[in-house]
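Reading through the structure tokens given below for one structure.
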There are 2 protein chains.
Amino acid sequence: MSASTAVQSRPGGRSARVRAAVHRAVGELLAEDTSEALTIPIVAARAGVHATTVYRRWGSIGDLLAAVASSRFSGDIVVPDTGSLRGDLEQWAGDVATDLQDPDVLALIRASIGAGGAEGACACSTDRRNQLAAMIEREQARGGTPPDVERATDLLLGPLYYRAIFTSAPGEPAWARGLVADLLP
Amino acid sequence: MSASTAVQSRPGGRSARVRAAVHRAVGELLAEDTSEALTIPIVAARAGVHATTVYRRWGSIGDLLAAVASSRFSGDIVVPDTGSLRGDLEQWAGDVATDLQDPDVLALIRASIGAGGAEGACACSTDRRNQLAAMIEREQARGGTPPDVERATDLLLGPLYYRAIFTSAPGEPAWARGLVADLLP
DNA sequence: AACTAAACGCATCGATCTGTGCGTTCGTGC
DNA sequence: GCACGAACGCACAGATCGATGCGTTTAGTT
């Protein structure tokens with residue numbers, strides 16, 4: 001967990017290279033064919049790394065996927081600062097929708113949910129939820145009366161992720177921006 | 001697909017028994033331990049059926065999970081008829097929330113998403129979406145002006161499924177009923 | 001520059017999965 | 001009741017996965 005830039009006992013050159021190669025291999029394989037089993041030997045072969053290394057560092061394919069997802073979905077979207085909560089949320093929702101339109105991203109989320117269970121699913125959404133909380137807290141510090149984080153999650157993250165995962169047509173950014181209207185009337 | 005009560009070339013006793021046993025085995029294994037790999041030989045052994053049979057009838061674990069999910073999530077919830085759209089939606093949302101609180105159901109959904117990709121995910125939600133459409137159409141036939149099915153999906157199914165899958169606390173039925181207030185002000 | 005230990009590569013082994021061919025059982029139609 | 005064919009059980013084989021022990025490379029330290 002927190003495999004992005006966490007301080008490890010040995011963050012030096014080779015370990016970082018191997019990790020980058022493995023992460024990239026997972027992304028590439030997920031982007032190609034869904035029916036491929038995505039096993040550790042396959043990932044290792046694609047990454048040009050020995051399977052033993054992957055087994056030892058990540059253990060199972062579930063943990064590896066969770067690590068990749070956690071790394072991929074943290075810091076990929078910057079929290080906007082337009083001055084108003086509505087503007088922030090609209091831009092942010094549009095950015096998230098754009099991200100969820102990427103088939104690779106969808107494949108990563110689906111695989112994380114399937115292999116990592118609740119833990120894998122959380123790795124895909126905790127950062128988004130934190131971003132939402134940050135925008136709402138900022139509005140609160142600004143003196144406004146923003147909605148609850150729970151409510152914002154239900155009305156924004158809910159539709160966004162539902163459409164992405166359960167339907168074949170992920171939401172357009174314009175549609176995502178429209179979701180804010182339900183939250184802030 | 002549509003393995004529930006579809007007319008097959010041979011729907012007789014033994015085939016039906018085998019299918020029921022395999023479906024039950026999948027449910028049991030999903031309910032037990034998440035870390036179990038859920039492979040076809042394991043399912044077959046639990047069902048008291050030869051693995052060859054499962055390979056020949058369902059092919060892959062993804063197709064099997066999609067079939068089980070499709071069978072499990074069709075007809076499990078009856079569309080309520082309280083007389084008003086609000087009443088229907090509130091009771092239905094509560095029922096769906098109750099269903100999603102079952103860890104077995106969650107495990108089945110997660111596994112279907114992971115192994116079956118978009119197809120597997122659709123198997124878990126198309127019936128729910130049809131139920132929603134049915135209630136809205138009925139309201140329309142009644143002369144009312146119900147919201148769009150898209151909007152209802154976004155505001156009801158979205159939060160319900162997001163909470164169930166991405167958080168560790170699926171929504172309470174009371175909370176689910178409250179979602180209707182955002183849809184019908 | 002030398003030392004230390006973490007991380008990796010390699011060879012290998014057991015376990016399990018996936019798939020095939022053939023004989024048998026059982027449901028269906030005549 | 002009888003024949004036909006579909007579905008199943010069984011035995012077997014190829015392939016792949018998961019894991020271990022040991023030697024080697026390499027990053028970090030003094």
Side-chain angles (χ1 to χ4, degrees), chain A residues 1-26 29-30 32-68 71 111 114-116, chain B residues 1-26 29-30 32-68 71 111 114-116:
Chain A
M1 320 168 179
S2 76
S4 54
T5 53
V7 180
Q8 290 199 347
S9 61
R10 197 145 207 190
R14 187 166 66 167
S15 291
R17 264 198 312 275
V18 168
R19 175 163 51 203
V22 170
H23 280 219
R24 179 151 34 92
V26 169
L29 289 171
L30 282 175
E32 288 178 4
D33 196 352
T34 314
S35 69
E36 298 224 356
L38 197 73
T39 64
I40 286 185
I42 293 177
V43 171
R46 171 64 66 101
V49 167
H50 237 78
T52 312
T53 301
V54 182
Y55 278 115
R56 278 202 269 253
R57 281 191 60 160
W58 287 279
S60 70
I61 196 73
D63 293 337
L64 173 57
L65 277 169
V68 172
S71 168
Chain B
M1 320 170 182
S2 74
S4 54
T5 53
V7 180
Q8 289 200 347
S9 61
R10 197 152 208 183
R14 188 166 65 168
S15 290
R17 266 200 309 277
V18 167
R19 177 163 48 202
V22 170
H23 279 220
R24 180 151 32 93
V26 169
L29 288 171
L30 282 175
E32 287 179 4
D33 196 352
T34 314
S35 69
E36 298 222 357
L38 197 73
T39 63
I40 287 186
I42 292 177
V43 171
R46 170 64 65 103
V49 167
H50 234 77
T52 312
T53 302
V54 181
Y55 278 115
R56 278 201 267 253
R57 281 190 60 159
W58 286 279
S60 71
I61 195 73
D63 294 336
L64 173 57
L65 278 169
V68 172
S71 168

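Below, chains carry the letters A, B, ... as their sequence lines are ordered, and counting in each starts from 1.
Residues A:Ala47 and A:Ala21 approach most closely at CB-O, 3.5 Å, considering heavy atoms.
In this structure B:Arg46 satisfies the side chain to side chain donor-acceptor pair (under 3.5 Å) test together with B:Glu28, B:Glu32, sequence neighbours excluded. In terms of the side-chain contact (heavy atoms from CB on, under 4.5 Å) criterion, residue partners of B:Thr52 (sequence neighbours excluded) are, by chain and number, B:His50, B:Arg56. Legend: residues meeting side-chain contact (heavy atoms from CB on, under 4.5 Å) with A:Ala66, ordered by chain and number and at least two apart, are absent. Here A:Thr39 pairs with A:Ala37, A:Pro41, A:Ile42 under the side-chain contact (heavy atoms from CB on, under 4.5 Å) rule; sequence neighbours left out.
A 4.5 Å side-chain heavy-atom check between B:Leu65 and B:Trp58 finds every atom pair outside the cut-off. The side-chain heavy atoms of B:Arg57 and B:Val18, taken from C-beta on, include a pair separated by under 4.5 Å.
Contact annotation for B:Ile61: no contact, since no heavy-atom pair falls under 4.0 Å across all strands.
Partner A:Val43 forms a side chain to side chain contact (heavy atoms under 4.5 Å, CB included) with one of A:Leu30, A:Val68, A:Leu29 and no other, that one being A:Leu29.
The bend of the helix from C:dA1-D:dT30 to C:dC30-D:dG1, defined by the angle between the axes of its first five and last five pairs, stands at 40° to the nearest 10°.
Applying the 4.0 Å criterion to OP1 and OP2 of D:dC8, one finds that B:Arg17 has every side-chain N and O outside that range.
Near DNA chain D, meaning a heavy atom under 4.0 Å from it, residues 44-56 of chain B has B:Val49, B:His50, B:Thr52, B:Thr53, B:Arg56 in order of number.
Rounding to whole angstrom units, CZ of residue B:Arg57 and P of D:dA6 are separated by 14 Å. When the P atom of C:dT16 is taken as reference, atom CG of B:Leu38 falls 16 Å away, rounded to whole Å. A:Trp58 places its CH2 atom 15 Å from the P atom of D:dG18, with the value rounded to the nearest Å. The interatomic distance linking B:Ile42 (CD1) with D:dG18 (C1') rounds to 14 Å, in whole Å.
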